[in-house]
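Worksheet: the structure to be examined is printed underneath.
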Protein chains: 2
Amino acid sequence: MSETEIFKVLSDPTRRAILERLSAGEATATDLREGFAITQPAMSQHLAVLRGAGLVNERREGRYAHYSVNAEGFAPLHAWLARYRAFWPSRIDNLKDLLREMDQ
Amino acid sequence: MSETEIFKVLSDPTRRAILERLSAGEATATDLREGFAITQPAMSQHLAVLRGAGLVNERREGRYAHYSVNAEGFAPLHAWLARYRAFWPSRIDNLKDLLREMDQ
DNA sequence: ACGACGTATAAGTCTATGCTTATGTGTTGT
DNA sequence: ACAACACATAAGCATAGACTTATACGTCGT
(Lines give C-alpha, C1' and ligand atoms only; values in the text may rest on other atoms or scores of the structure.)
Protein backbone atom coordinates (compact mmCIF):
# COMPACT_ATOMS: atom_id res chain seq x y z
CA MET A 1 0.00 0.00 0.00
CA SER A 2 1.23 3.47 -0.82
CA GLU A 3 2.35 5.78 1.92
CA THR A 4 -0.14 8.36 0.73
CA GLU A 5 -3.01 5.95 1.10
CA ILE A 6 -1.92 4.83 4.54
CA PHE A 7 -1.60 8.38 5.81
CA LYS A 8 -4.98 9.29 4.39
CA VAL A 9 -6.59 6.28 5.98
CA LEU A 10 -5.05 7.08 9.35
CA SER A 11 -5.91 10.77 9.19
CA ASP A 12 -9.48 9.94 10.16
CA PRO A 13 -9.95 9.91 13.95
CA THR A 14 -12.76 7.37 13.80
CA ARG A 15 -10.58 4.92 11.91
CA ARG A 16 -7.74 5.38 14.37
CA ALA A 17 -10.19 4.78 17.20
CA ILE A 18 -11.33 1.60 15.47
CA LEU A 19 -7.75 0.42 15.22
CA GLU A 20 -7.18 1.19 18.88
CA ARG A 21 -10.23 -0.86 19.75
CA LEU A 22 -9.06 -3.70 17.54
CA SER A 23 -5.61 -3.63 19.10
CA ALA A 24 -7.35 -4.96 22.21
CA GLY A 25 -8.56 -7.93 20.18
CA GLU A 26 -10.78 -9.10 17.37
CA ALA A 27 -14.27 -7.62 17.12
CA THR A 28 -17.25 -7.77 14.78
CA ALA A 29 -18.51 -4.75 12.90
CA THR A 30 -21.47 -4.49 15.27
CA ASP A 31 -19.27 -4.80 18.35
CA LEU A 32 -17.21 -1.93 17.03
CA ARG A 33 -20.19 0.37 16.78
CA GLU A 34 -20.57 0.47 20.57
CA GLY A 35 -19.20 3.72 21.85
CA PHE A 36 -19.15 5.28 18.41
CA ALA A 37 -21.90 7.70 17.42
CA ILE A 38 -21.88 6.30 13.94
CA THR A 39 -24.34 4.57 11.63
CA GLN A 40 -23.88 1.01 10.44
CA PRO A 41 -23.02 1.95 6.84
CA ALA A 42 -20.47 4.50 8.04
CA MET A 43 -18.75 1.82 10.12
CA SER A 44 -18.88 -0.60 7.22
CA GLN A 45 -17.28 1.99 4.97
CA HIS A 46 -14.52 2.75 7.46
CA LEU A 47 -13.79 -0.94 7.79
CA ALA A 48 -13.68 -1.29 4.01
CA VAL A 49 -11.14 1.53 3.87
CA LEU A 50 -9.01 -0.03 6.61
CA ARG A 51 -9.21 -3.38 4.85
CA GLY A 52 -8.29 -1.81 1.53
CA ALA A 53 -5.22 -0.29 3.08
CA GLY A 54 -4.21 -3.63 4.54
CA LEU A 55 -4.39 -2.36 8.11
CA VAL A 56 -7.01 -4.85 9.26
CA ASN A 57 -7.85 -8.46 8.51
CA GLU A 58 -11.34 -9.81 8.02
CA ARG A 59 -12.38 -13.25 9.20
CA ARG A 60 -15.78 -14.31 7.92
CA GLU A 61 -17.95 -16.51 10.11
CA GLY A 62 -21.46 -16.87 8.82
CA ARG A 63 -23.07 -13.50 8.79
CA TYR A 64 -20.46 -12.07 11.13
CA ALA A 65 -17.34 -10.30 10.01
CA HIS A 66 -14.58 -10.42 12.59
CA TYR A 67 -11.96 -7.74 12.21
CA SER A 68 -8.47 -7.59 13.65
CA VAL A 69 -5.36 -5.49 13.30
CA ASN A 70 -3.00 -6.48 10.53
CA ALA A 71 0.24 -5.17 11.95
CA GLU A 72 2.14 -5.98 8.77
CA GLY A 73 0.12 -3.27 7.09
CA PHE A 74 1.93 -0.73 9.22
CA ALA A 75 5.29 -1.68 7.78
CA PRO A 76 5.36 1.08 5.13
CA LEU A 77 4.59 3.61 7.83
CA HIS A 78 7.38 2.32 10.05
CA ALA A 79 9.74 2.41 7.11
CA TRP A 80 8.81 5.94 6.19
CA LEU A 81 9.01 7.24 9.71
CA ALA A 82 12.41 5.66 10.19
CA ARG A 83 13.84 8.38 7.97
CA TYR A 84 12.88 10.96 10.53
CA ARG A 85 14.12 9.21 13.60
CA ALA A 86 17.33 11.22 13.47
CA PHE A 87 16.23 13.05 16.58
CA TRP A 88 14.85 10.16 18.53
CA PRO A 89 16.07 10.09 22.09
CA SER A 90 19.78 9.47 21.86
CA ARG A 91 19.44 6.10 23.56
CA ILE A 92 17.44 4.87 20.60
CA ASP A 93 19.91 6.32 18.15
CA ASN A 94 22.21 3.51 19.12
CA LEU A 95 19.66 0.91 18.20
CA LYS A 96 21.19 0.02 14.89
CA ASP A 97 24.59 -0.66 16.37
CA LEU A 98 22.93 -2.52 19.15
CA LEU A 99 21.01 -4.78 16.82
CA ARG A 100 24.15 -5.38 14.85
CA GLU A 101 25.82 -6.57 18.04
CA MET A 102 22.85 -8.74 18.91
CA ASP A 103 23.12 -10.48 15.58
CA GLN A 104 26.54 -11.78 16.45
CA MET B 1 -0.11 18.85 17.47
CA SER B 2 -2.96 16.41 17.19
CA GLU B 3 -2.42 13.06 15.58
CA THR B 4 -5.20 13.80 13.15
CA GLU B 5 -3.52 16.95 11.97
CA ILE B 6 -0.14 15.27 11.57
CA PHE B 7 -1.59 12.42 9.54
CA LYS B 8 -3.51 14.83 7.34
CA VAL B 9 -0.42 16.92 6.77
CA LEU B 10 1.63 13.87 5.84
CA SER B 11 -1.04 12.39 3.60
CA ASP B 12 -0.05 14.84 0.87
CA PRO B 13 2.70 13.42 -1.36
CA THR B 14 4.10 16.86 -2.18
CA ARG B 15 4.53 17.67 1.50
CA ARG B 16 6.25 14.36 2.14
CA ALA B 17 8.55 15.08 -0.81
CA ILE B 18 9.33 18.46 0.68
CA LEU B 19 10.23 16.84 3.98
CA GLU B 20 12.42 14.34 2.20
CA ARG B 21 14.20 17.18 0.47
CA LEU B 22 14.60 19.05 3.74
CA SER B 23 15.97 15.99 5.45
CA ALA B 24 19.02 16.49 3.25
CA GLY B 25 19.42 19.95 4.73
CA GLU B 26 17.97 23.42 5.04
CA ALA B 27 16.52 25.04 1.92
CA THR B 28 14.67 28.20 0.97
CA ALA B 29 11.15 28.17 -0.39
CA THR B 30 12.47 28.93 -3.87
CA ASP B 31 15.13 26.22 -3.66
CA LEU B 32 12.40 23.76 -2.80
CA ARG B 33 10.42 24.56 -5.92
CA GLU B 34 13.10 23.02 -8.14
CA GLY B 35 11.98 19.62 -9.26
CA PHE B 36 8.41 20.27 -8.22
CA ALA B 37 5.84 21.18 -10.85
CA ILE B 38 4.21 23.57 -8.46
CA THR B 39 3.47 27.29 -8.32
CA GLN B 40 5.04 29.57 -5.74
CA PRO B 41 1.84 30.09 -3.74
CA ALA B 42 1.20 26.36 -3.63
CA MET B 43 4.68 25.79 -2.19
CA SER B 44 4.17 28.61 0.28
CA GLN B 45 0.89 27.07 1.40
CA HIS B 46 2.43 23.62 1.83
CA LEU B 47 5.22 25.12 3.88
CA ALA B 48 2.69 26.97 6.03
CA VAL B 49 0.89 23.70 6.66
CA LEU B 50 4.11 21.91 7.56
CA ARG B 51 5.07 24.78 9.84
CA GLY B 52 1.63 24.79 11.45
CA ALA B 53 1.99 21.11 12.24
CA GLY B 54 5.39 21.70 13.78
CA LEU B 55 7.13 19.45 11.28
CA VAL B 56 9.46 22.13 9.92
CA ASN B 57 11.27 25.13 11.34
CA GLU B 58 11.54 28.48 9.64
CA ARG B 59 14.65 30.64 9.85
CA ARG B 60 14.16 34.12 8.49
CA GLU B 61 17.08 35.84 6.82
CA GLY B 62 16.12 39.04 5.06
CA ARG B 63 13.67 38.19 2.38
CA TYR B 64 14.65 34.54 2.42
CA ALA B 65 12.86 31.90 4.45
CA HIS B 66 15.05 28.92 5.25
CA TYR B 67 13.18 25.77 6.14
CA SER B 68 14.44 22.69 7.91
CA VAL B 69 12.98 19.51 9.39
CA ASN B 70 11.80 19.79 12.97
CA ALA B 71 12.21 16.19 14.05
CA GLU B 72 10.55 16.82 17.40
CA GLY B 73 7.34 17.40 15.53
CA PHE B 74 7.33 13.72 14.61
CA ALA B 75 7.15 12.67 18.24
CA PRO B 76 3.34 12.24 18.33
CA LEU B 77 3.57 10.07 15.25
CA HIS B 78 6.28 7.92 16.80
CA ALA B 79 4.23 7.63 19.97
CA TRP B 80 1.10 6.65 18.11
CA LEU B 81 2.83 4.14 15.89
CA ALA B 82 4.52 2.53 18.87
CA ARG B 83 1.16 0.98 19.76
CA TYR B 84 1.26 -0.99 16.56
CA ARG B 85 4.80 -2.20 16.74
CA ALA B 86 3.62 -5.52 18.16
CA PHE B 87 4.70 -7.25 15.00
CA TRP B 88 7.97 -5.48 14.43
CA PRO B 89 10.76 -7.91 13.74
CA SER B 90 11.17 -9.89 16.91
CA ARG B 91 14.64 -8.46 17.48
CA ILE B 92 13.10 -5.05 17.94
CA ASP B 93 10.44 -6.38 20.25
CA ASN B 94 13.15 -6.73 22.85
CA LEU B 95 14.02 -3.09 22.60
CA LYS B 96 12.16 -2.02 25.69
CA ASP B 97 13.90 -4.53 27.92
CA LEU B 98 17.14 -3.63 26.28
CA LEU B 99 16.74 0.05 26.96
CA ARG B 100 15.79 -0.71 30.52
CA GLU B 101 19.04 -2.58 30.91
CA MET B 102 20.98 0.24 29.34
CA ASP B 103 19.60 2.67 31.88
CA GLN B 104 21.28 0.75 34.66
C1' DA C 1 13.57 56.23 -3.95
C1' DC C 2 12.35 52.75 -6.88
C1' DG C 3 12.04 48.43 -9.23
C1' DA C 4 13.05 43.60 -8.84
C1' DC C 5 12.84 39.96 -5.84
C1' DG C 6 11.26 36.33 -2.18
C1' DT C 7 7.46 35.12 0.13
C1' DA C 8 2.72 35.29 1.99
C1' DT C 9 -2.23 35.93 1.68
C1' DA C 10 -6.85 36.28 -0.59
C1' DA C 11 -10.47 34.49 -3.20
C1' DG C 12 -12.41 31.30 -6.20
C1' DT C 13 -12.68 26.56 -8.38
C1' DC C 14 -12.61 21.65 -8.47
C1' DT C 15 -12.21 17.20 -6.51
C1' DA C 16 -12.02 13.99 -2.70
C1' DT C 17 -14.07 12.27 1.28
C1' DG C 18 -17.14 11.26 5.08
C1' DC C 19 -21.71 11.34 6.08
C1' DT C 20 -26.64 10.18 5.33
C1' DT C 21 -30.82 7.29 3.72
C1' DA C 22 -32.25 3.56 0.98
C1' DT C 23 -31.58 -0.86 -0.65
C1' DG C 24 -29.17 -5.28 -1.72
C1' DT C 25 -27.04 -9.82 -0.30
C1' DG C 26 -26.20 -13.62 2.29
C1' DT C 27 -27.14 -16.16 6.93
C1' DT C 28 -29.61 -17.78 10.86
C1' DG C 29 -33.44 -19.42 13.70
C1' DT C 30 -38.20 -20.82 13.96
C1' DA D 1 -40.21 -20.74 3.77
C1' DC D 2 -39.90 -16.57 5.96
C1' DA D 3 -38.65 -12.95 8.99
C1' DA D 4 -34.94 -11.02 11.57
C1' DC D 5 -30.32 -10.24 11.42
C1' DA D 6 -25.25 -8.79 10.03
C1' DC D 7 -23.14 -6.54 6.80
C1' DA D 8 -22.21 -4.31 2.21
C1' DT D 9 -23.26 -1.24 -1.55
C1' DA D 10 -25.48 2.71 -4.02
C1' DA D 11 -26.51 7.42 -4.54
C1' DG D 12 -26.68 11.99 -3.05
C1' DC D 13 -25.09 15.85 -0.18
C1' DA D 14 -21.98 18.82 2.35
C1' DT D 15 -17.56 20.03 3.75
C1' DA D 16 -12.56 20.04 3.41
C1' DG D 17 -8.50 20.55 1.00
C1' DA D 18 -5.23 21.40 -2.90
C1' DC D 19 -4.88 24.04 -6.69
C1' DT D 20 -5.06 28.36 -9.48
C1' DT D 21 -4.58 33.65 -10.45
C1' DA D 22 -4.22 38.03 -8.47
C1' DT D 23 -2.36 40.88 -5.15
C1' DA D 24 -0.04 42.45 -0.89
C1' DC D 25 4.12 42.79 1.96
C1' DG D 26 8.78 43.31 3.30
C1' DT D 27 13.78 43.35 1.64
C1' DC D 28 17.54 44.15 -1.39
C1' DG D 29 20.48 46.41 -4.95
C1' DT D 30 21.26 50.37 -7.67
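All chains are named by letter (A, B, ...) in the order of the sequence lines, taking the proteins before the strands, and each is independently numbered beginning at 1.
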Practice prompt. Starting from P on D:dA6, measure out to CD1 on A:Ile38 and report it in whole angstrom.
Written response: 17 Å
Item to complete: Consider the side chain of A:Ser44, meaning its heavy atoms from C-beta on, and name the nucleotide among D:dC19, D:dT9, C:dC19 that approaches it most closely.
Response: D:dT9
Worksheet item: According to a strict under-4.0 Å criterion, is A:Tyr64 in side-chain N/O contact with OP1 or OP2 of D:dA8?
Response: no
Item to complete: Rounded to the nearest angstrom, tell me the gap between atom CG in A:Asp31 and atom P in D:dC5.
Response: 16 Å
Worksheet item: Under 30°, 30 to 60°, or over 60°: which ring-plane class applies to B:Phe7 and A:Phe7, parallel, tilted or perpendicular?
Response: tilted
Worksheet item: Looking only at side-chain N and O atoms, does B:His46 come under 4.0 Å of OP1 or OP2 in D:dC19?
Response: yes
Discussion item. What is the separation between atom CZ on B:Arg16 and atom P on D:dA18, rounded to the nearest whole Å?
Written reply: 12 Å
Worksheet entry | Distance (rounded to the nearest 0.5 Å) between B:Tyr64 OH and B:Thr28 OG1 | 7.5 Å
Discussion item. Distance check needed: D:dC19 C1' versus B:Phe36 CZ, whole Å only.
Written reply: 16 Å
Discussion item. Can you tell me if A:Tyr67 touches the phosphate of D:dA6, counting only side-chain N or O atoms and a distance under 4.0 Å to OP1 or OP2?
Written reply: no
Worksheet item: Within this structure, what is the NE2-to-C1' distance between A:His66 and D:dA6, rounded to whole angstrom?
Response: 11 Å
Worksheet item: Do any side-chain nitrogens or oxygens of B:Arg60 fall under 4.0 Å of OP1 or OP2 in C:dG6?
Response: no
Worksheet entry | Check: A:Gln45 side chain, C:dT17 base, donor-acceptor under 3.5 Å | no
Worksheet item: Is it true that a side-chain atom of B:Arg59 and a backbone atom of B:Ser68 form a donor plus acceptor pair closer than 3.5 Å?
Response: no
Worksheet entry | Distance in Å, A:Leu19 CG paired with A:Leu55 CG, rounded so as to fall on 0.5 Å steps | 6.0 Å
Item to complete: Spell out, as yes or no, whether a donor-acceptor pair under 3.5 Å connects the side chain of A:Asn70 to the backbone of A:Gly54.
Response: yes
Practice prompt. Could you tell me whether A:Arg33 contacts a base, only the sugar-phosphate backbone, or nothing, with contacts defined as non-hydrogen atoms closer than 4.0 Å?
Written response: nothing
Worksheet item: Could you state the CZ-P distance from A:Arg51 to D:dT9, rounded to the nearest angstrom?
Response: 7 Å
Item to complete: For B:Glu58, report the nucleic acid contact type (base, sugar-phosphate, nothing); a contact means any heavy atom under 4.0 Å.
Response: sugar-phosphate
Fill in: Nearest-nucleotide pick for B:Arg15, side chain only, options being C:dG6, D:dA18, C:dT20
D:dA18
Item to complete: Measure the spacing between OG1 of A:Thr14 and CE of A:Met43 and express it to the nearest 0.5 Å.
Response: 8.0 Å
Discussion item. Quick check on D:dG17: is either OP1 or OP2 less than 4.0 Å from any side-chain nitrogen or oxygen of B:Lys8?
Written reply: yes
Worksheet, complete the sentence: Heavy-atom nearest nucleotide on DNA chain C taken for A:Ala37 and for B:Leu47; more 5' hit belongs to B:Leu47
Practice prompt. Consider the side chain of B:Thr39, meaning its heavy atoms from C-beta on, and name the nucleotide among D:dA10, D:dT21, C:dA8 that approaches it most closely.
Written response: D:dT21
Worksheet item: A:Arg63 side chain: which of D:dA6, C:dT21, C:dC5 is closest?
Response: D:dA6
Practice prompt. Grab the CG-P distance between A:Leu32 and D:dA8 for me, whole Å please.
Written response: 11 Å
Worksheet item: What's the CD-P distance between A:Gln40 and C:dG26, to the nearest Å?
Response: 16 Å
